Amino acid sequence: MRADFTKSKLITQKIGTLRVLSDQTRKEHERIINWKDQHYFGNGKQGSSLAMVLPTRACKYARAKHGGCSFCTLPTDNPYNPTEEMIKRIPSHAIEIFQRKQKEDPELRAVKFYTSGSFLDPWELPTETKQELLRLFVPIVDEIVIETRCEYVIKKHIKSTLDVVDPQKLIVAIGQETTNDEINERANNKGHSFKQFRRAVNLLQSYDIKVKGYVLLKPIFVSEIQAYKDALLTAKNMYDLGVTGISINPCYIGKGTLMEELFQSGSYRPPWLWTVLEVTKKIKRMVGEDVIVITDPVAAGKERGPQNCGKCDSLFRENLKKFSGTQNMNHISKIHCDCFEVYERYLQVEHLKSGYGVLNLKSH
Amino acid sequence: MVELLTVFQIEKEDGNVRKLSIRGSSIKPTPWLFKVTNDGIRLDDLSLSQIYLAENEIVSLDINEINPLNEIPHWSIISPVLAPAPEFQESLEFEYNLMLDRLEKIDYNIPFGFIFDPFTLPESILREMLKFNPSIFALRTSHLNSYSILPLLEKIMNLRNLISPNIALYLPGGVSVGLQSLLVALGVDILDDSVSAFSAFQGLSFDDFMVKQSDLKTEVLIKINQSFVDLDFRLIESTLKVRDLWERVYRDMHSNPSVATLIKKFDFSSLNLSKFAVDKKNPLYFIGDESLFHPSVQLYQKRTLERYNFPEGIKYILLVPCSSKKPYHLSKTHQTYQSLINKAFRKKKDIISIWSLTSPLGLVPSELESIYPVSSYDIPVSGDWSELEVNVTSKFAVNLLKKVPKDVKILAHTSKGYQKMISQIQKEINLDVSWIDDSPLGSDARSVLLNKLKVCADSSQNFESTKNQKWIRKMIALLQWNHGSEFQVDLENIMFRGRLPYTITVYQRKSQILSWNDSEGRIKLFPNCFMLSNKNSISWVELDGDELKGSTLFSVGVTKASEEINPGDEVIIYSKNREKPLGIGKALISGYSMNRVMNGAVAKVHSKFKSIPEEVIA
């Protein structure tokens with residue numbers, strides 16, 4: 001055996017160091033960051049949703065010595081050590097915001113609770129607070145989306161959630177990122193295996209809870225074509241498991257992450273918007289009407305986000321958004337730009353040439 | 001793991017440029033320019049697959065195929081699963097080692113390649129990869145940008161020295177027009193045309209083989225660039241058929257500043273001169289200062305210093321300007337010098353030799369006038385020498401003249417243009433300058449030279465030229481040029497038949513010992529000659545058996561070869577431990593490559609030694 005993974009600890013050491021530094025920038029606050037999105041409920045029903053970042057202490061996994069996921073910057077949005085009282089005030093604060101927004105937009109019938117971590121983790125959100133929050137929202141929304149890591153998908157947490165929410169209204173989103181364990185272990189530092197994901201999905205399905213899988217498009221150390229292929233394979237594996245939604249999340253450069261370090265040293269480039277578009281099209285064709293496919297690239301067209309030539313980026317951004325809100329393929333099937341010819345060649349050659357997405361290509 | 005020899009064999013070698021072919025295949029020999037389209041990376045019927053070996057399956061990077069592969073496809077480039085950034089060296093090495101561990105468990109028997117990053121990976125990984133006998137290395141050049149090609153060239157040179165010459169190097173992403181010739185000259189066998197699109201994306205046009213900014217639309221630029229990349233490559237291919245690729249490189253540097261910069265900065269001493277062919281005939285045009293470092297020039301100078309022995313009996317050297325007609329002695333000017341020598345020295349004419357001062361070769365003794373490239377070059381005659389030209393050529397001239405015995409007098413009779421060079425030489429060598437002004441063959445100059453020669457002749461002891469003295473000197477020089485300075489031929493009772501410039505046959509005791517084609521500057525040995533002098537040649541090949549079969553020598557039978565052999569050199573073929581001479585042939589590839597290739601022909605055998613004739617032994 002030539003390969004010895006135990007010698008390869010530098011990556012997690014680096015992520016851990018960066019996490020400590022970024023945690024130092026976190027400020028204590030009670031603000032709930034929120035934004036409205038177009039939302040597709042399935043069966044042709046469209047509306048809007050409100051995403052809310054609840055100010056919990058965020059992902060526990062990211063506080064481990066290994067620093068958590070190599071791409072994730074989300075905890076920096078959250079307070080580092082909110083008091084018990086602050087956490088207790090979250091439900092009332094959240095419902096107040098939602099009701100205000102709902103008055104402005106009667107189509108607002110879905111809520112997405114993000115915690116920059118795991119909604120089901122009682123360390124972040126104690127069970128009582130979680131139940132209180134859900135209880136407030138159940139009567140006024142048709143759909144509640146929560147996010148969690150696989151390890152918190154256990155009977156105890158599911159039951160305490162279902163005590164207050166009808167499973168038909170609940171969607172549990174899991175950031176599996178990829179079903180390729182090697183990428184998750186050695187690039188994403190995700191700490192999820194495909195087996196764990198499968199277990200979590202099966203358990204949730206046994207309670208009739210719908211599951212949405214997150215697909216991370218273009219992790220670090222992965223070339224464009226590899227990322228493309230991995231997204232397709234991951235979506236297929238998720239589809240085969242019976243998820244009801246697939247969210248394609250193209251990478252963007254989050255502050256204080258390993259991904260940012262690599263981006264700055266020229267060892268990482270966010271994906272092309274062409275890849276986002278093509279992968280979305282292929283996945284949607286594969287899963288058909290049964291599964292909702294959404295993608296809303298963060299920082300699309302910006303230097304730190306998925307990008308094309310600069311001329312067509314906004315068109316891509318708008319159309320991908322429209323598609324996500326309507327599932328109408330017309331929005332993404334007829335986009336043209338002459339940078340496609342460049343992209344096609346990039347896709348074929350870049351894996352051989354660099355392996356992680358750098359060609360110093362800047363459009364004129 | 002199935003042992004598979006690298007699929008390529010060297011069909012032709014000249015420096016790092018090798019024509020690699022696949023035995024029994026319709027695929028044309030390298031160099032190759034892959035076409036990159038949405039269908040993949042292709043060359044006619046050959047399609048390159050990209051795969052990686054996952055934990056329990058083979059994953060193809062074909063975006064239209066979702067299922068894992070059952071086996072490694074033909075012409076796959078195998079990569080590690082992940083490409084950690086260079087700052088994570090241990091992880092990077094882990095990925096490559098993991099790839100090799102997994103490959104070891106798979107049965108395969110197909111031509112394939114590896115990805116290899118010469119900037120980040122240690123040689124130890126390369127050595128491990130070589131155990132798998134890849135046919136191609138695709139070079140990852142992750143952190144390079146378009147302005148840092150020079151370190152890449154150095155890495156390519158280094159890599160070429162580490163891997164077998166019949167492994168192809170592929171530079172994915174290609175290079176712009178003008179640079180392709182340099183890359184091929186340095187040993188890259190495969191490029192691709194994706195650079196057309198990437199440059200177009202950055203607003204760069206290759207129109208008219210120049211790299212310039214353009215306002216044209218990307219899709220238009222792609223087409224323009226594509227056509228020029230294709231044409232540039234086709235010109236390289238046609239150059240390789242009939243001419244010297246370095247000439248094309250030098251041409252390209254004059255239309256592309258970045259190529260010019262690279263050539264000026266490139267360390268030409270890193271080229272392994274033993275890999276350059278010596279049996280070429282094509283004319284060489286030495287236009288600019290860069291030709292001072294042309295491999296053929298370097299090879300001429302190296303071999304002359306190492307292998308040329310100053311002939312016995314010569315007491316005077318006359319340094320004169322070179323002539324445009326080659327070989328020099330056929331030119332009117334040199335014939336005039338010779339007639340003045342004949343007039344002054346009469347029967348003693350063989351004690352003086354004409355040596356030609358020239359750029360970029362420096363200095364050429366008359367015995368070496370018919371070898372390549374002395375017989376085949378041309379230069380612009382302006383009369384002005386650059387400082388670099390003076391320094392480089394006079395340095396060689398001084399080194400060569402230092403081999404001349406102290407009692408030999410060196411005269412110089414040149415035009416004004418040689419003044420700086422003569423002054424430079426005079427700093428270290430004692431020269432008797434008879435003329436260094438305009439019209440060195442004007443009546444005044446001729447008269448000065450004749451008087452000078454007469455004085456020299458008068459002060460010389462009587463000397464009787466032996467029959468064919470000049471021919472013998474030339475024959476020895478040419479033999480030693482090929483077989484080394486220690487190579488000796490028994491000159492007793494030798495007879496020449498024929499007339500220059502036609503082929504001369506040389507006999508000794510009624511047996512033909514060699515033939516001599518002066519127009520090519522090559523001598524072909526016959527076994528009778530070789531029997532008497534065999535151990536002294538530095539141009540030898542050793543077999544693992546004691547029988548020579550067929551007219552082609554293949555690498556599988558060769559245990560060792562002298563690394564002094566250049567492609568085109570005559571070689572003496574021996575049995576194991578050089579115990580018994582078996583035959584004589586012509587090297588198809590260098591001795592360096594013979595010791596490193598795993599398959600293919602290495603020499604053509606023209607004479608086999610069957611039994612030692614009694615009269616030769618006697």
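Chain letters run A, B, ... following the sequence lines, proteins first and then strands; every chain starts at 1. Keep in mind that what you see is a predicted model, and the values were worked out from it rather than measured.
- Contact annotation: the side chain of A:Leu352 never approaches that of B:Arg140 to less than 4.5 Å [non-hydrogen atoms, C-beta and beyond].
- Taking each heavy atom of A:Leu262 and B:Ala85 in turn, the nearest pair found is CD2-CB, 3.5 Å.
- Considering only heavy-atom pairs separated by less than 4.5 Å from chain A, the leading option among B:Ala138, B:Gly40, B:Ser196 is B:Gly40.
- Both the backbone and the side chain of B:Asp101 come within less than 4.5 Å of a heavy atom in chain A.
- Proximity to chain A (any heavy atom under 4.5 Å) is shown, for B:Glu55, by both the backbone and the side chain.
- The CG atom of A:Leu347 sits 9.0 Å away from atom CD of B:Gln50, with the distance rounded to the nearest 0.5 Å.
- Residue-environment remark: CD (B:Glu71) stays at or below the threshold of 12 foreign heavy atoms within 6.0 Å.
- In the displayed structure, A:Lys65 atom NZ is contacted under 6.0 Å by at most 12 heavy atoms of other residues, nucleotides or ligands.
- With a 6.0 Å radius and a threshold of 12 heavy atoms from other residues, nucleotides or ligands, A:Lys334 has its NZ atom at or below the threshold.
- Counting non-hydrogen atoms of neighbouring residues, nucleotides and ligands closer than 6.0 angstrom, the NZ atom of A:Lys281 exceeds 12 such neighbours.
- Contacts of B:Ile63 with chain A are made by both backbone and side-chain atoms, with heavy-atom separations under 4.5 Å.
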(message) Is there a side-chain contact (heavy atoms from CB on, under 4.5 Å) between A:Val342 and B:Phe198? Walk through the geometry before answering.
(response) CA-CA 6 Å; A:Val342 179; B:Phe198 302 149; 3.9 Å; yes
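- Contacts between B:Leu98 and chain A at a heavy-atom distance below 4.5 Å involve backbone atoms as well as side-chain atoms.
- In this structure, the portion of B:Ser214 lying under 4.5 Å from any heavy atom of chain A is its backbone and not its side chain.
- Between B:Ser79 and A:His351 the shortest side-chain heavy-atom distance falls below 4.5 Å.
- When all heavy atoms of B:Ala83 and A:Ser354 are compared, the closest pair comes out as CB-O, 4.4 Å.
- Using cut-offs of 30° and 60° for the angle between ring planes, the B:Phe88 and A:Phe221 rings count as perpendicular.
- Heavy atoms of other residues, nucleotides or ligands lying less than 6.0 angstrom from CD of B:Gln213 number more than 12.
- Only the backbone of A:Asn308 comes within contact range of chain B, with heavy atoms under 4.5 Å apart.
- Residue B:Ala54 touches chain A through both its backbone and its side chain, counting heavy-atom pairs closer than 4.5 Å.
- For B:Phe34, no part sits under 4.5 Å from any heavy atom of chain A, backbone or side chain.
- No other option in A:Ile220, A:Leu233, A:Val279 has as many heavy-atom pairs under 4.5 Å with chain B as A:Leu233.
- Heavy-atom neighbours of B:Glu65 CD from other residues, nucleotides or ligands within 6.0 Å: above the threshold of 12.
- Although no hydrogens or angles enter the test, the distance criterion places no donor-acceptor pair under 3.5 Å between the side chain of A:Lys236 and the main chain of B:Ile66.
- In this structure, CD on A:Gln348 lies 8.0 Å from CG on B:Asp39, to the nearest 0.5 angstrom.
- Side-chain atoms of A:Glu341 and B:Thr218, non-hydrogen and from C-beta on, never get closer than 4.5 Å to each other.
- Other residues, nucleotides and ligands contribute only 12 or fewer heavy atoms inside 6.0 Å of the CG atom of B:Asp215.
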(request) Any chance you could lay out the salt bridge (Lys or Arg N to Asp or Glu O under 4.0 Å) test for A:Arg186 and B:Glu95, step after step, and finish with the verdict? (result) CA-CA 10 Å; A:Arg186 305 203 296 274; B:Glu95 295 294 335; 2.6 Å; yes
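- Remark: the B:Asn64 side chain and the A:Lys282 side chain contain an N/O donor-acceptor pair separated by less than 3.5 Å.
- Between A:Ile11 and B:Glu87, every side-chain heavy-atom pair lies at or beyond the 4.5 Å cut-off.
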(request) Take B:Leu61 and A:Gln226 through the test side-chain contact (heavy atoms from CB on, under 4.5 Å) and record every step on the way to the result. (result) CA-CA 6 Å; B:Leu61 292 177; A:Gln226 224 176 339; 3.8 Å; yes
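- Side chains of B:Thr37 and A:Glu344 form no contact here, defined as non-hydrogen atoms less than 4.5 Å apart.
- Put simply, the side chain of A:Arg2 does not reach to within 4.5 Å of the side chain of B:Glu93, judged on heavy atoms.
- Nearest heavy atom pair, residue A:Val349 against residue B:Ser194, reads CG2-OG, 3.6 Å.
- Taking chain A as the reference chain and counting heavy-atom pairs below 4.5 Å, the highest number among B:Leu82, B:Ile77, B:Asp192 is found for B:Leu82.
- Remark: the backbone N or O of B:Val59 is not paired with any side-chain donor or acceptor of A:Lys229 at under 3.5 angstrom.
- Ranking B:Ile125, B:Leu48, B:Val81 against chain A, the residue ahead of the rest is B:Val81, based on heavy-atom pairs under 4.5 Å.
- Interface residue A:Asn180: only side-chain heavy atoms are found under 4.5 Å from chain B.
- Expressed to the nearest 0.5 Å, how far CZ of B:Phe201 lies from CZ of A:Arg345 amounts to 13.0 Å.
- At a 4.5 Å heavy-atom cutoff, B:Tyr96 makes no contact with chain A through either its backbone or its side chain.
- Ionic pairing of B:Arg102 and A:Glu182 is present here: one or more N-O contacts between side-chain nitrogen and carboxylate oxygen are shorter than 4.0 angstrom.
- Counting heavy atoms of neighbouring residues, nucleotides and ligands inside a 6.0 Å radius, atom CG of B:Asp45 does not exceed 12 of them.
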